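See below for the structure under consideration.
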Protein chains: 2
Amino acid sequence: MLMTKEILRQKKLKVTPQRLSIFYMLKNTTSHPSVETIYSLLRETHPTMSLATVYKTLSVLVDANLVQQINVGENSFRYDATVSPHPHIICSKCNEVHDLHLDFVDEFFYKVQEETNFKLSYQKLYFYGICPTCQH
Amino acid sequence: MLMTKEILRQKKLKVTPQRLSIFYMLKNTTSHPSVETIYSLLRETHPTMSLATVYKTLSVLVDANLVQQINVGENSFRYDATVSPHPHIICSKCNEVHDLHLDFVDEFFYKVQEETNFKLSYQKLYFYGICPTCQH
DNA sequence: ATCATTGCAAAAGGTTTGCACCAAA
DNA sequence: TTTGGTGCAAACCTTTTGCAATGAT
């Protein structure tokens, strides 16, 4: 919990219980939750927290580059406290979203930059299929 | 125009002026328009077409695999009549979305499949940066 | 003639905003 | 004490839905 507080201070963000709890929860899940999911889970421990606060807090965390927003093809966003540019893989059956850490991603990034003459800043890579568990 | 009609017939979709015009326009643009853009452009030539029809038609075309839906991080979808799984590159300044045709994409796809044991069906790859024109 | 598609309006998400109150610094 | 965050409700925007009228086969 201390760590979380310090990171917020470092970014010159006011430290509030709401911000702490949202950021802390995102750092401790691999499920890439949506706003609705974050809200319902935190309601259990923070009954007064409003949906608007969740939205506002996430926006602040994204702007501070502490959290990234992803869109996997649903009509809502999901959030990920791992901000390094890593690909995501989505199971079309159970709809779970997993992080991928692949060593050849950077190489790919630079190849694209070279071929296009864009000045690239980041990438979002999504892979869709059936996960090993759901294949049975 | 004949081509468009035939493709719809082939997919056993009823051929209507609305479907023809939406599909035809998507096949003849590289701008990856949103529903709103498609609707306003087509209103000029088809004043009675409704927004709901644009949504329903796009849904039909996506299901028939004649059009793909992409989400580039906006809170709305864009549409692309090139259905082969190619990456997109987005300029963060002018917000234009371009197709990328890279020979090493397939290789990348199979590498991910091998490493993850997923049975992959498709991928969505987005690159973000500043385009050559906007760099000046 | 049949049955799917269209257009309209209403409803349903998801997200944003304005403002009074409250809490962090 | 000041500044900015929170919570509530209303508004907004994109997308979906129900249904009667219309059009494609």
Side-chain angles (χ1 to χ4, degrees), chain A residues 1-2 4-24 32-43 45-64 66-79 95, chain B residues 1-2 4-24 32-43 45-64 66-79 95:
Chain A
M1 201 68 161
L2 269 174
T4 311
K5 208 178 282 190
E6 277 157 24
I7 294 169
L8 292 179
R9 280 218 188 90
Q10 236 172 12
K11 294 277 183 176
K12 293 174 182 158
L13 300 175
K14 247 182 208 178
V15 177
T16 67
Q18 293 85 344
R19 288 180 175 178
L20 282 174
S21 65
I22 292 171
F23 189 30
Y24 185 77
H32 307 80
S34 64
V35 170
E36 202 47 49
T37 307
I38 297 170
Y39 177 61
S40 355
L41 285 175
L42 289 181
R43 275 244 129 179
T45 47
H46 299 72
T48 65
M49 178 158 14
S50 76
L51 192 53
T53 298
V54 179
Y55 276 104
K56 286 170 186 168
T57 301
L58 286 169
S59 162
V60 164
L61 294 175
V62 168
D63 289 349
L66 294 174
V67 162
Q68 72 169 306
Q69 197 184 44
I70 65 178
N71 186 303
V72 140
E74 301 156 322
N75 46 14
S76 60
F77 291 100
R78 288 170 174 258
Y79 294 86
N95 292 312
Chain B
M1 200 70 161
L2 268 174
T4 309
K5 206 178 282 189
E6 277 157 22
I7 295 170
L8 292 178
R9 282 217 186 90
Q10 235 172 12
K11 293 278 184 176
K12 292 175 182 156
L13 300 175
K14 247 181 207 178
V15 177
T16 67
Q18 291 86 343
R19 288 181 176 177
L20 281 174
S21 65
I22 292 171
F23 189 30
Y24 184 79
H32 306 81
S34 64
V35 170
E36 201 47 49
T37 308
I38 296 169
Y39 177 60
S40 354
L41 285 176
L42 289 181
R43 275 244 129 179
T45 45
H46 299 72
T48 67
M49 176 155 21
S50 77
L51 193 55
T53 298
V54 179
Y55 276 104
K56 287 169 185 168
T57 300
L58 286 169
S59 163
V60 164
L61 294 175
V62 168
D63 289 350
L66 295 175
V67 162
Q68 71 169 307
Q69 198 184 44
I70 66 177
N71 186 303
V72 141
E74 301 157 321
N75 48 10
S76 60
F77 291 100
R78 287 170 175 257
Y79 294 86
N95 293 311

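In the text below, chain A, chain B and the rest are named by the order of the sequence lines, each starting its count at 1. Keep in mind the model is a prediction, meaning the values are calculated, not measured.
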In whole angstroms, the gap separating P of C:dA24 from NZ of A:K14 amounts to 9 Å
Whichever of B:R19 and B:R43 has the more 5' nearest nucleotide on DNA chain C, that residue is B:R19
Whole-Å distance, A:L51 CG to C:dT17 C1', equals 13 Å
Have a look at A:T53 and say if it touches a base, only the backbone sugar-phosphate, or nothing, with a 4.0 Å heavy-atom cut-off.
base
Nearest-nucleotide check on DNA chain C, A:F77 vs B:S50; residue mapping nearer the 5' end is B:S50
Report yes if some heavy atom in the side chain of A:R19 is under 4.5 Å from a heavy atom in the side chain of A:T53; otherwise report no. no
Rounded to whole Å, the OH-P distance (B:Y79 to D:dT14) equals 12 Å
Sorted by position of nearest nucleotide on DNA chain D, 5' first, the leading residue of B:E36 and B:V15 is B:E36
How is B:Q18 classified with respect to the nucleic acid when contacts are heavy atoms under 4.0 Å: base, sugar-phosphate, or nothing?
sugar-phosphate
Could you tell me if the side chain of B:K5 sits less than 4.5 Å from the side chain of B:R9, heavy atoms only?
yes
Under 3.5 Å, is there an N or O donor on one side and an acceptor on the other linking the side chain of A:K56 and the base of D:dG7?
yes
>> Under 4.0 Å, heavy atoms only, any strand: does B:S76 hit a base, just the sugar-phosphate, or nothing?
In response: sugar-phosphate
From CD of B:E74 across to P of D:dT15 the rounded distance in Å is 10 Å
Checking B:L51, B:V54, B:T57 against B:I38 for side chain to side chain contact (heavy atoms under 4.5 Å, CB included), the one that qualifies is B:V54
- At under 4.0 Å between heavy atoms, what does B:V60 touch on the DNA or RNA strands: base, sugar-phosphate, or nothing? nothing
(message) Taking 4.0 Å as the cut-off, does a side-chain nitrogen or oxygen of A:T16 come that near to OP1 or OP2 on D:dT6?
(response) yes
Taken to the nearest whole Å, CZ/A:R78 to C1'/C:dT15 is 17 Å
| request: Would you classify B:P17 as touching base, sugar-phosphate or nothing, given that sugar-phosphate means primed atoms plus P, OP1 and OP2, and contacts are heavy atoms under 4.0 Å? | output: sugar-phosphate
note: A:N75, atom CG; D:dT17, atom C1'; distance rounded to Å ~ 14 Å
Between the CD atom in A:Q68 and the CG atom in A:L58, the distance rounded to the nearest 0.5 Å is 12.5 Å
B:R9 atom CZ is separated from D:dA24 atom P, nearest whole Å, by 12 Å
Nearest heavy-atom contact between B:F23 and B:T4 is CD2-CG2, 3.4 Å
Between OH of A:Y55 and P of C:dT16 the distance, given in whole Å, is 7 Å
Taking any heavy-atom pair under 4.0 Å as a contact, classify A:T48: base, sugar-phosphate, or nothing. sugar-phosphate
